[in-house]
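Structure first, commentary second.
Here the structure is a predicted model, which means the values were calculated and not measured.
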Amino acid sequence: MDDLTVLYDFFKVGEASDADVDEQYAKTLKSIEALEFKNMLGHEEDQMSAVLNINAGAGGTESCDWASMLMRMYIMWAEKSGYAVKEIDLQEGEGAGIKSVALEVDGEFAYGYLKAENGVHRLVRISPFDSNARRHTSFASVFVFPLIDDTIDIEINPADVTWDTFRSGGAGGQNVNKVETAVRLKHAPTGIIIECQQERSQLQNKEKALKLLQSRLYQLEIQKQTEAKEKMDSQKKRIEWGSQIRNYVLHPYKLVKDLRTGLETSDPQKVLDGGLDDFMKAYLMESSGN
């Protein structure tokens, strides 16, 4: 604001141009909006990194392709926002796309932003896989949880955990590891299953899987606390984990609409290219009561 005020004083005496003022105004507005955004992220877990899971719904190739489109969307959003993205586990679709993926989004407030994306995402389009060019509806679910750091201690009883190992890799060739370095963790009390093949060694993958389990257990505790608060305050909007939150329509018209906030845009390509900030902000403002 100080920079903008000084620049405007220069402008009034002819020592700065309209373009200079416009550029500084845009920078100032962006900074204020970013500060406003972060002020809505007041929970301890909001400032943490995040793990984002995408799972294709029923519908075979169509839903698998939609899941891969969502993966691309979130990776593009993360990169534009200055976050590092790592692929923890990916299961490819049989014909195209992916059945599921787990992405680690590393950086400050990653979870605070991405928690707005929890739920089912619905796509309506002319299918590129249908020779009759018919309209198809596809679903994919997104689940986000905070990646806890060393300051949070979540105890896990080793007796509650069982392990399976398998070979990591993709479609074949040199990508397939001949050694069983990938791991699958099963947590008996909660039924949580975590697969990890990100690292080169089995030990590293086990350590990563345990950290992800701790994060999931932490998320479950957050969810329990949230549900308890919602019951106490009937005026607040209930958080429905796994409910349909957003429609992406590419045919017969173009529209992306968030069903929780009512926010919509007629530019779905911008959204699919990672332009999610408006939707995240609208959700955070509504859920925080602003």
Side-chain angles (χ1 to χ4, degrees), residues 37-55 71 74 77-78 81 83-90 100-120 141-164 182-199 203-233 236-243 245 280 283-284 287-288:
F37 212 174
K38 289 186 177 180
N39 281 342
M40 292 184 283
L41 305 176
H43 298 292
E44 180 183 9
E45 66 274 9
D46 286 341
Q47 59 188 309
M48 296 179 183
S49 298
V51 175
L52 184 146
N53 289 332
I54 304 171
N55 292 282
M71 179 176 73
Y74 289 118
W77 172 83
S81 303
Y83 294 117
V85 183
K86 297 178 183 177
E87 183 184 296
I88 299 173
D89 183 61
L90 184 145
S100 65
V101 67
L103 300 174
E104 180 181 324
V105 184
D106 187 28
E108 192 177 31
F109 290 101
Y111 174 71
Y113 296 145
L114 284 169
K115 68 181 182 181
E117 299 301 297
N118 269 314
V120 174
S141 64
V142 173
F143 176 62
V144 183
F145 58 92
L147 185 63
I148 65 172
D149 54 30
D150 295 335
T151 64
I152 298 175
D153 185 24
I154 303 293
E155 292 187 6
I156 298 174
N157 185 348
D160 292 335
V161 176
T162 57
W163 296 93
D164 294 320
V183 300
R184 182 182 297 109
L185 173 157
K186 297 179 182 178
H187 186 243
T190 60
I192 292 173
I193 298 175
I194 293 174
E195 293 185 355
C196 186
Q197 54 181 312
Q198 175 187 352
E199 307 296 342
L203 178 61
Q204 288 176 316
N205 280 322
K206 281 189 173 183
E207 291 174 349
K208 186 71 175 182
L210 281 171
K211 185 176 181 180
L212 292 175
L213 176 60
Q214 288 179 313
S215 296
R216 288 287 299 272
L217 294 175
Y218 182 61
Q219 170 67 19
L220 286 176
E221 187 59 34
I222 294 171
Q223 185 176 340
K224 289 177 184 177
Q225 293 175 6
T226 300
E227 289 173 348
K229 290 177 183 177
E230 295 296 333
K231 289 179 181 178
M232 294 174 63
D233 187 355
K236 288 185 179 180
K237 184 179 178 181
R238 181 172 175 81
I239 298 175
E240 294 289 350
W241 298 87
S243 62
I245 65 164
M280 291 177 174
Y283 171 79
L284 290 170
S287 61
S288 65

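No donor-acceptor pair under 3.5 Å is formed between the side chain of D89 and the backbone N or O of A102. Between the S100 side chain and the I54 main chain, no donor and acceptor come within less than 3.5 Å of each other.
Taking CD of Q214 as the reference point, atom CD of E155 lies at 10.0 Å (rounded to 0.5 Å). Note that CG of N53 is 8.0 Å distant from CG of L103, once rounded to the nearest 0.5 Å. Distance CD/E199 to NZ/K206: 14.5 Å, rounded to 0.5 Å. Summarising the geometry, atom CD1 belonging to I222 is positioned 8.5 Å from atom CG belonging to D46; distances are rounded to the nearest 0.5 Å. Atom CD1 in I148 sits 4.5 Å away from atom OG in S215 (nearest 0.5 Å). Rounding to the nearest 0.5 Å gives a distance of 13.0 Å between NZ of K211 and CG of L213.
The nearest pair of heavy atoms linking I194 to L212 is CD1-C, 3.6 Å. Residues N118 and I245 approach most closely at O-CG2, 3.4 Å, considering heavy atoms. In plain terms, the two heavy atoms of G107 and S49 that are nearest each other are N-OG, 3.0 Å. Residues I156 and V161 come closest through the heavy atom pair CG2-CG2, 3.7 Å.
Each of V142, L52, V51 was checked for a side chain to side chain contact (heavy atoms under 4.5 Å, CB included) with L114, and the lone residue meeting it is L52. When each of H43, M280, Q219 is tested with K115 by the rule side chain to side chain contact (heavy atoms under 4.5 Å, CB included), just one qualifies, namely H43.
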**Q.** CA sep, side-chain torsions, deciding dist, call: V85, Y74, side chain to side chain contact (heavy atoms under 4.5 Å, CB included)
**A.** CA-CA 9 Å; V85 183; Y74 289 118; over 6 Å; no
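Using a 4.5 Å cut-off on side-chain heavy atoms (C-beta onward), L217 and H187 make contact. L41 has its side chain out of reach of Q47: every pair of non-hydrogen atoms, C-beta onward, lies at least 4.5 Å apart. Looking at heavy atoms from C-beta onward, L147 lies out of side-chain contact with Y111 at the 4.5 angstrom threshold. Residues L90 and M71 are in side-chain contact: their nearest non-hydrogen atoms beyond the backbone lie under 4.5 Å apart.
The residues E104 and K208 are annotated as salt-bridged, a charged nitrogen and a carboxylate oxygen being separated by less than 4.0 angstrom.
Remark: K86 engages no residue in a salt bridge (Lys or Arg N to Asp or Glu O under 4.0 Å) (not counting sequence neighbours). Partners of A110 by side chain to side chain contact (heavy atoms under 4.5 Å, CB included), not counting sequence neighbours, listed by chain and number: A50, Y83, V105. Remark: F145 pairs with F143 by the ring pair (Phe, Tyr, Trp, His ring centres under 6.0 Å) rule, at least two apart or across chains. The ring pair (Phe, Tyr, Trp, His ring centres under 6.0 Å) search around F109 returns none, not counting sequence neighbours. Under the side-chain hydrogen bond (donor to acceptor under 3.5 Å, both in side chains) criterion, E195 pairs with Q91, R184, not counting sequence neighbours. Residues forming a salt bridge (Lys or Arg N to Asp or Glu O under 4.0 Å) with D160 (at least two apart in sequence, or on another chain): none.
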